Amino acid sequence: MQIVDTHQHLWDLDLFRYSWLNSLPALDRSFRMSDYLTAAEGLSVVRSVHLEADVDELYMLRETQHLLALADQPDNPLEGIVACGRPEREDFKSYLDQIAGHPKLKGIRRVLHTQPDDVGQGVTFIKHVATLASYGLSFDICVLARQIPIAIKLISKCPDVAFILDHCGVPQVKENNLDPWRAYIAEIAKFPNVSCKISGLVAYADPQRWTTEDLRPFVEHVIASFGWDRVLFGSDWPVCTLSASFRQWVEALQKITKGAGEINQRKLFSENAVRVYRLS
């Protein structure tokens, strides 16, 4: 089965700084395209979408330009870039104008799960996210489970923007805390302009003892809420390696969804991604 990976990361510490890596020694090294290709070997990854990795603000523009240039090269599967952005800043549109227009630029993300709750609720933030529709760009939402109501407020004010909820809304998998996450997912799924990325779950599971069955209730609830046409596979590589290899995560998700049949699995692992991220 072909895979379109909608959530890969790369970072080159020789080029840019990512201060958040200081607290995660296992990830505090460069992860380049050659490493990704090795990790994905034999998994039929035919295309991928790169998600910004919360680079230090000084390097935002240069990182985006670097990744767009990488996506233009024919020796890798990169077909889309979701760039770093700061919609809460007054100069956001000026930044956007410097990167907009490249055919591989598909969206913007602002990591919110590490920020105070008021960042994603500000008037300027909401106004700037709403402008993404005029650029033909989507917005990836990265929030903690308890912050999903903040995401719902944002979505309700931006009906023309396509949103992708990252990492199933970051549930507490290790603790098996399904509620109130389940209610939040059911509510956010009511918005037809939102898709959900089935990614990140292994990183939130017990890194030493997780099993496929630990992940199942979270995967199945997301699919039941969003339906098979609005779910996307994402590896979250290399963050997934805190708990699992790329292959282990793929095999776990294939096992969980096997009973739904090949047609639905194709939607999850490739077809929906091409539509949602407008891939060539």
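Keep in mind that this is a model prediction, so the values were computed, not measured.
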**Asked** How far apart are the C-alpha atoms of Ile3 and Ser270, what are their side-chain angles, what is the distance that settles it, and do they pass the side-chain contact (heavy atoms from CB on, under 4.5 Å) test?
**Response** CA-CA 5 Å; Ile3 291 175; Ser270 61; over 6 Å; no

**Request:** Spell out, as yes or no, whether a donor-acceptor pair under 3.5 Å connects the side chain of Asp206 to the backbone of Arg209.
**Result:** yes

**Prompt:** Can you tell me if His50 uses its side chain to pair, donor with acceptor, with the backbone of Leu10 under 3.5 Å?
**Reply:** yes

**Request:** Step through the shown structure and confirm whether more than 12 heavy atoms of other residues, nucleotides or ligands are within 6.0 Å of CD on Glu41.
**Result:** no

**Prompt:** Do Thr124 and Glu90 pass the side-chain contact (heavy atoms from CB on, under 4.5 Å) test, and can you show the C-alpha distance, the side-chain angles, and the key distance before you say yes or no?
**Reply:** CA-CA 7 Å; Thr124 299; Glu90 290 294 342; 3.3 Å; yes

**Message:** Do the side chains of Glu251 and Arg247 get close enough for a salt bridge, i.e. N-O under 4.0 angstrom?
**Reply:** yes

**Asked** So, the side chain of Trp228 versus the backbone of Arg266: is there a donor-acceptor pair under 3.5 Å, distance only?
**Response** no

**Item:** Pairwise side-chain contact, Trp181 with Val173, heavy-atom cut-off 4.5 Å (strictly under)
**Value:** no

**Request:** Using a strict cut-off of less than 4.0 Å between a Lys/Arg side-chain nitrogen and an Asp/Glu carboxylate oxygen, indicate whether Asp14 and Arg32 qualify as a salt bridge.
**Result:** yes

**Heavy-atom side-chain proximity of Asp5 to Val49 below 4.5 angstrom** = no

**Prompt:** Would you say Leu58 has more than 12 foreign heavy atoms packed within less than 6.0 Å of its CG?
**Reply:** yes

**Message:** Quick check on the hydrophobic clustering: are Met60 and Leu70 connected, directly or via other members, by side-chain heavy-atom contacts under 4.5 Å?
**Reply:** yes

**Request:** Using the rule that two of Ile, Leu, Val, Met, Phe, Trp, Tyr join whenever any of their side-chain heavy atoms come within less than 4.5 Å, decide whether Leu78 and Val46 are in one cluster.
**Result:** no

**Message:** Side-chain heavy atoms nearer than 4.5 Å, only ILVMFWY residues, links allowed to pass through others: does that put Ile150 and Val170 together?
**Reply:** no

**Item:** Between Ser44 and Gln2, a side-chain donor and acceptor under 3.5 Å
**Value:** no

**Item:** Asp97 side chain to Tyr135 side chain, donor-acceptor N/O pair below 3.5 angstrom
**Value:** yes

**Message:** I want to know whether Trp20 and Trp11 have ring centres closer than 6.0 Å.
**Reply:** yes

**Message:** Is it the case that the side chains of Ser199 and Asp236 hold a donor-acceptor pair, with the cut-off being a distance below 3.5 Å and no angle test?
**Reply:** no

**Message:** With rounding to the nearest 0.5 angstrom, report the NZ to CG distance, Lys255 to Leu215.
**Reply:** 10.5 Å

**Item:** Full working for side-chain hydrogen bond (donor to acceptor under 3.5 Å, both in side chains) between Asp12 and Tyr18
**Value:** CA-CA 9 Å; Asp12 189 332; Tyr18 303 79; over 6 Å; no

**Prompt:** With a 4.5 Å heavy-atom cut-off, do Leu67 and Lys104 have their side chains touching?
**Reply:** no

**Asked** Do Arg17 and Tyr59 touch side chain to side chain, with heavy atoms closer than 4.5 Å?
**Response** yes

**Item:** Donor-acceptor under 3.5 Å (Lys106 side chain, Ser138 main chain)
**Value:** no

**Request:** Rounded to the nearest 0.5 Å, what's the gap from CG on Asp166 to CG on Asp140? Could you check?
**Result:** 4.0 Å

**Prompt:** Can you check side-chain contact (heavy atoms from CB on, under 4.5 Å) on Arg110 and Glu88, steps first, answer last?
**Reply:** CA-CA 9 Å; Arg110 169 60 159 131; Glu88 69 270 27; 2.7 Å; yes

**Side-chain donor/acceptor of Ser245 to backbone N/O of Thr241, under 3.5 Å** = no

**Request:** Indicate, with yes or no, if Leu201 and Leu43 share a hydrophobic cluster defined by side-chain heavy-atom contacts under 4.5 Å among Ile, Leu, Val, Met, Phe, Trp and Tyr.
**Result:** yes

**Request:** Give the ring-plane orientation class for Tyr36 versus Phe246, where under 30° counts as parallel, over 60° as perpendicular and anything between as tilted.
**Result:** tilted

**Asked** Can you find a heavy atom in the side chain of Val231 that is under 4.5 Å from one in the side chain of Lys267?
**Response** no

**Prompt:** Can you hop from Val161 to Val143 via hydrophobic side chains spaced under 4.5 Å?
**Reply:** yes

**Asked** Does the pair Arg275/Asp229 count as a salt bridge with the N-to-O cut at 4.0 Å?
**Response** no

**Asked** Which residues satisfy the salt bridge (Lys or Arg N to Asp or Glu O under 4.0 Å) test with Asp179, sequence neighbours excluded?
**Response** Arg182

**Asked** Okay, side chain of Glu175, backbone of Asn177: is any donor-acceptor separation there less than 3.5 Å?
**Response** no

**Request:** Look at Arg146 together with Asp117 and state whether they make a salt bridge at an N to O cut-off of under 4.0 Å.
**Result:** yes

**Trp237-His7 aromatic ring centre distance below 6.0 Å** = no

**Prompt:** Is there a side-chain contact between Arg109 and Ile164, using heavy atoms and a 4.5 Å cut-off?
**Reply:** no

**Asked** Do Ser235 and Val250 come within less than 4.5 Å of each other through their side chains, counting heavy atoms only?
**Response** no

**Message:** Please confirm whether the ring centroid of His66 lies under 6.0 Å from the ring centroid of Phe16.
**Reply:** yes

**Item:** Verdict with reasoning, Glu79 to Ser280, per side-chain hydrogen bond (donor to acceptor under 3.5 Å, both in side chains)
**Value:** CA-CA 7 Å; Glu79 286 288 342; Ser280 59; 2.9 Å; yes

**Item:** Rounded distance [0.5 Å steps], CD1 in Ile148 versus CD1 in Ile141
**Value:** 9.5 Å

**Message:** A quick test of your reading: do over 12 heavy atoms of other residues, nucleotides or ligands sit less than 6.0 Å from CD of Glu262?
**Reply:** no

**Prompt:** Rounded to the nearest 0.5 Å, how far apart are CD of Gln172 and CZ of Phe218?
**Reply:** 8.5 Å

**Message:** Using the salt bridge (Lys or Arg N to Asp or Glu O under 4.0 Å) criterion, which residues pair with Arg278? Sequence neighbours excluded.
**Reply:** none

**Request:** Go through Lys258 and Ile256 one step at a time and tell me if the side-chain contact (heavy atoms from CB on, under 4.5 Å) criterion holds.
**Result:** CA-CA 6 Å; Lys258 183 178 180 181; Ile256 291 168; over 6 Å; no

**Prompt:** So do the side chains of Val129 and Ile126 get within less than 4.5 Å of each other, counting heavy atoms only?
**Reply:** no

